[in-house]
Amino acid sequence: MSSVTEIFGSMVFDDEAMLARLPKETYKALQSTIKRGKHLDLNVASVVANAMKDWAIEKGATHFTHWFQPMTGVTAEKHDSFIQPKNGKVIMEFSGKELIQGESDASSFPSGGLRATFEARGYTAWDATSYAFIKDDTLCIPTVFCSYGGEALDQKTALLRSMEAINRQAMRILKLFGNQGVENTRTTMGAEQEYFLLDKELFDQRKDLIYTGRTLFGSRSPKGQELDDHYFGAIKPRVKAFMKELDEELWKLGVLAKTEHNEVAPAQHELAPIFSTTNIAADHNQLIMELMQKVAKRHGLVCLLHEKPFAGVNGSGKHNNWSISTDTGVNLLEPGETPAQNAQFLLILAAIIKAVDDYQDLLRISVATAGNDHRLGANEAPPAILSIFLGTELTEILDSIKSGAVYDARQKEVMRIGVHTLPKFPKDTTDRNRTSPFAFTGNKFEFRSPGSSSSISSANTVLNTAVAESLRQFADILEPKAGSADFGDALEELIRKTITDHERVVFNGDGYTEEWVAEAEKRGLLNLRTTPDALKYMLSEKNVALFETHKVFSRTEMEARHEIYLENYCKIVNIEALTMLDMARKDILPAMSGYSAKLAENAREKLNLLKNVSGGTCVYELETVAKIDELTGAVYCAANRLEADLAKAREISDLVELADFYKDVIIPDMAGLRADADKMEAVSDAGAWPYPSYGKLLFGVR
């Protein structure tokens with residue numbers, strides 16, 4: 001095998017490949033597009049396309065595709081070959097026009113009413129800031145996807161718009177502090193990806209896993225995660241082989257896969273990359289999820305990315321480590337060495353606190369899915385309440401600014417912004433708070449709420465735009481004071497007022513407790529436990545104005561997404577409910593009816609043989625038969641109730657009403673059916689139950 005340094009990025013048309021293959025002027029023009037967002041001339045694009053094609057063919061590629069991220073949650077691609085006819089033969093060509101823009105049938109992708117079904121045309125446009133790469137012998141060109149009318153039909157368009165929005169406002173702030181040589185800022189992100197690995201042979205025996213990605217039935221095994229022996233434990237050889245191949249495949253694609261380990265739940269693992277620019281990190285995370293599933297199959301495994309595949313054990317999240325930096329390499333969430341740098345850090349920190357408080361509803365919506373509803377607030381993940389963890393020292397600094405009190409006991413000075421240098425403190429001044437949805441971890445914020453199967457684009461689009469709005473308001477206040485003697489006082493007053501107005505969202509305690517739920521309610525924080533609860537806030541005037549102001553979404557695009565999210569929620573719950581009915585009626589009830597009959601027959605035969613002896617030897621069979629029969633009746637009735645309520649759901653046309661019906665009626669019906677069936681599994685013979693148990697699924701990979 002080649003060394004890591006040799007294979008890393010070998011399948012990526014990256015900066016090194018461009019330097020080697022592009023004329024100097026073409027390379028400079030392309031870099032202007034990448035770094036400054038300048039328009040790419042078609043003649044330049046043609047030179048780039050030809051070089052890219054030659055490079056791809058040398059790597060074994062015969063086709064190209066515009067690789068995009070529609071609102072389905074996964075990626076999409078349409079492959080075209082490089083061949084062009086000439087004199088009865090073919091030549092290999094790839095034009096600049098084909099590189100920059102493609103056309104795809106958009107009629108069957110979720111659009112939320114942005115287009116009629118008969119309007120098929122959709123366009124893909126190259127995201128030149130994200131390198132092209134080769135996957136499955138195909139040149140993949142990262143693109144955005146939009147309608148004929150220009151509306152965003154994907155996840156990435158809005159993310160790129162939000163990155164432009166926060167860059168515009170952050171540059172206004174940086175100019176106020178005299179930053180020289182900074183041309184732009186960019187948000188950076190690293191997504192820690194959690195997942196489960198199951199034996200494929202066992203997976204194939206579970207309809208619920210096949211159809212929905214999670215177990216809809218399942219009695220807890222005698223051992224779960226309570227011993228914590230799986231967490232950071234020795235990695236099993238079969239899993240280690242999977243991780244080794246996964247790393248190699250990701251490294252070839254330039255994905256900075258760094259850390260891998262066992263997670264808390266049995267059969268659960270995590271992969272963490274090094275951070276990168278947010279849109280590239282979003283591309284990489286999609287590749288990580290795709291390759292996890294592909295590589296797992298080659299090892300006789302299945303990778304589960306559902307947020308809660310097993311009730312009663314930890315689910316899987318995707319921790320979103322977010323920061324903002326300049327093109328000169330300065331992380332704006334580092335306090336810095338000088339009073340001016342300290343003041344800049346505190347202002348940006350205040351902007352983030354304000355953004356999380358002002359748009360807690362949107363942040364919750366950005367991670368809202370039917371799957372993630374099972375995980376948030378389940379004593380394993382952040383609660384559905386949005387709050388910020390800052391740690392003891394940073395909280396005390398902000399408190400001292402708010403009150404004007406002494407902070408640094410060594411110097412006995414009142415905290416003055418722009419005059420007093422912040423005390424030196426390391427990146428992690430307090431222990432990490434794993435119960436916080438949004439935790440400051442030294443020079444970044446860790447947004448812990450996104451679900452494991454979701455695209456990170458949604459969460460980062462909201463986060464970028466919300467912070468951009470805080471910075472916009474701050475710049476509007478401070479710019480008239482720039483260069484004057486009043487600037488310092490205006491800055492200090494702005495930070496103090498922001499901290500005072502938004503301190504309710506700062507919470508350093510245990511987010512899992514009922515006491516925090518009560519305290520959050522007193523503070524006026526939202527507790528949006530489910531996706532339908534959260535989506536009721538999406539189209540508020542405040543939220544529409546945010547996205548329209550920063551040109552991230554139009555009202556029409558927001559309305560479309562609102563419809564898509566509601567439809568997706570309803571469809572997922574409906575599929576799960578239908579799968580439960582199928583499993584209960586076709587597998588569980590027949591299996592348990594047969595098992596009960598067999599036990600009854602065994603008891604009858606024993607009683608006939610032991611006519612003159614007490615029937616105590618048959619107690620086990622008879623008591624089990626009674627329990628099975630009672631639970632069989634309960635499961636039968638619960639299935640009928642679920643079916644009847646699904647029929648009612650089909651009569652509801654309004655999506656908001658339908659989502660509420662699924663939340664309030666169908667999901668409780670499903671929980672009742674599951675509870676009775678799980679009790680039945682617990683008293684039945686292991687060989688009689690029609691599906692592999694939790695024990696086999698969770699501990700089956702050797």
Side-chain angles (χ1 to χ4, degrees), residues 11-13 56 61 63-80 98-99 101-112 122-147 152-160 163 189 191 193 195 213 246 249-250 252-257 271 273 276-297 302-307 318 320 366 369 371 450-461 561 564-565 568 571-572:
M11 304 304 281
V12 183
F13 193 67
H63 289 68
F64 69 92
T65 182
H66 279 187
W67 183 78
F68 58 99
Q69 301 169 31
M71 298 295 292
T72 56
V74 294
T75 58
E77 46 195 75
K78 181 188 76 171
H79 296 191
D80 289 296
E98 288 173 314
L99 169 63
Q101 182 175 302
E103 184 178 324
S104 177
D105 183 351
S107 60
S108 296
F109 286 111
S111 69
Y123 290 106
T124 52
W126 181 29
D127 172 16
T129 62
S130 187
Y131 296 134
F133 57 90
I134 295 173
K135 176 174 66 75
D136 300 329
D137 295 328
T138 301
L139 174 65
C140 298
I141 303 157
T143 62
V144 298
F145 182 48
C146 61
S147 72
L153 297 175
D154 65 343
Q155 299 274 18
K156 194 173 193 182
T157 300
L159 177 62
L160 292 171
M163 292 172 67
M189 212 283 301
Q193 180 71 54
Y195 61 98
L246 177 63
E249 293 297 320
L250 291 173
K252 289 176 187 176
L253 295 173
V255 179
L256 293 160
L271 180 148
S276 53
T277 305
T278 305
N279 65 312
I280 296 172
D283 287 353
H284 285 179
N285 187 252
Q286 291 289 346
L287 286 171
I288 286 170
M289 292 191 289
E290 179 184 334
L291 284 169
M292 279 179 170
Q293 294 173 317
K294 282 185 178 178
V295 173
K297 289 180 180 178
V302 172
C303 173
L304 294 184
L305 294 171
H306 193 283
E307 286 74 17
K318 180 151 35 195
N320 191 95
S366 76
T369 63
S452 53
S453 67
S454 299
S455 165
I456 59 173
S457 293
S458 178
N460 285 284
T461 296
R561 274 163 168 71
I564 290 169
Y565 295 156
N568 190 55
K571 286 176 181 178
I572 286 173

Check your understanding: Can you find a side-chain donor-acceptor pair between Thr129 and Asp127 that sits under 3.5 Å?
Key -> yes
Exercise for review: Answer whether the closest heavy-atom distance between the side chains of Asn285 and Ile456 falls below 4.5 Å.
Suggested key: yes
Check your understanding: So which heavy atom on His284 is nearest to which on Ser276, and how close?
Key -> ND1-OG, 4.4 Å
Point to revise | Among Leu291, Ile280, Ile288, side chain to side chain contact (heavy atoms under 4.5 Å, CB included) partner for Val255 | key: Ile288
Exercise for review: Rounded to the nearest 0.5 Å, what's the gap from CG on Leu305 to OG on Ser454? Could you check?
Suggested key: 10.0 Å
Exercise for review: Taking all non-hydrogen atoms of both residues into account, name the closest pair between Glu307 and Ser453 and its distance.
Suggested key: OE2-OG, 2.7 Å
Point to revise | Beyond-backbone contact of Glu290 with Lys135, side-chain heavy atoms, under 4.5 angstrom | key: yes
**Study point:** Flag, side chain of Ser455 to backbone of Ser457, donor-acceptor distance under 3.5 Å
**Key:** yes
**Study point:** Set of salt bridge (charged side-chain N to carboxylate O under 4.0 Å, His left out) partners for Asp283, sequence neighbours left out
**Key:** Lys156
Practice item. Kindly give the heavy-atom pair with the smallest separation between Ala296 and Cys303, and that separation in Å. Key: CB-N, 3.9 Å
Point to revise | Atom of Gly254, atom of Val12 and distance for their closest heavy-atom approach | key: N-CG2, 3.7 Å
Exercise for review: Give a yes-or-no answer on whether the side chains of Thr124 and His66 include a donor-acceptor pair shorter than 3.5 Å.
Suggested key: yes
Check your understanding: Got a donor-acceptor contact below 3.5 angstrom from the Thr65 side chain to the Lys78 backbone?
Key -> yes
Revision key, fill the gap. Scanning both residues in full, the closest heavy-atom pair of Asn279 with Ser130 reads ND2-CB, 4.3 Å
Practice item. For the residue pair Glu77 and Phe68, establish whether any side-chain heavy-atom pair is separated by less than 4.5 Å. Key: no
Point to revise | Verdict with supporting geometry, Tyr565 and Ser458, side chain to side chain contact (heavy atoms under 4.5 Å, CB included) | key: CA-CA 12 Å; Tyr565 295 156; Ser458 178; 4.1 Å; yes
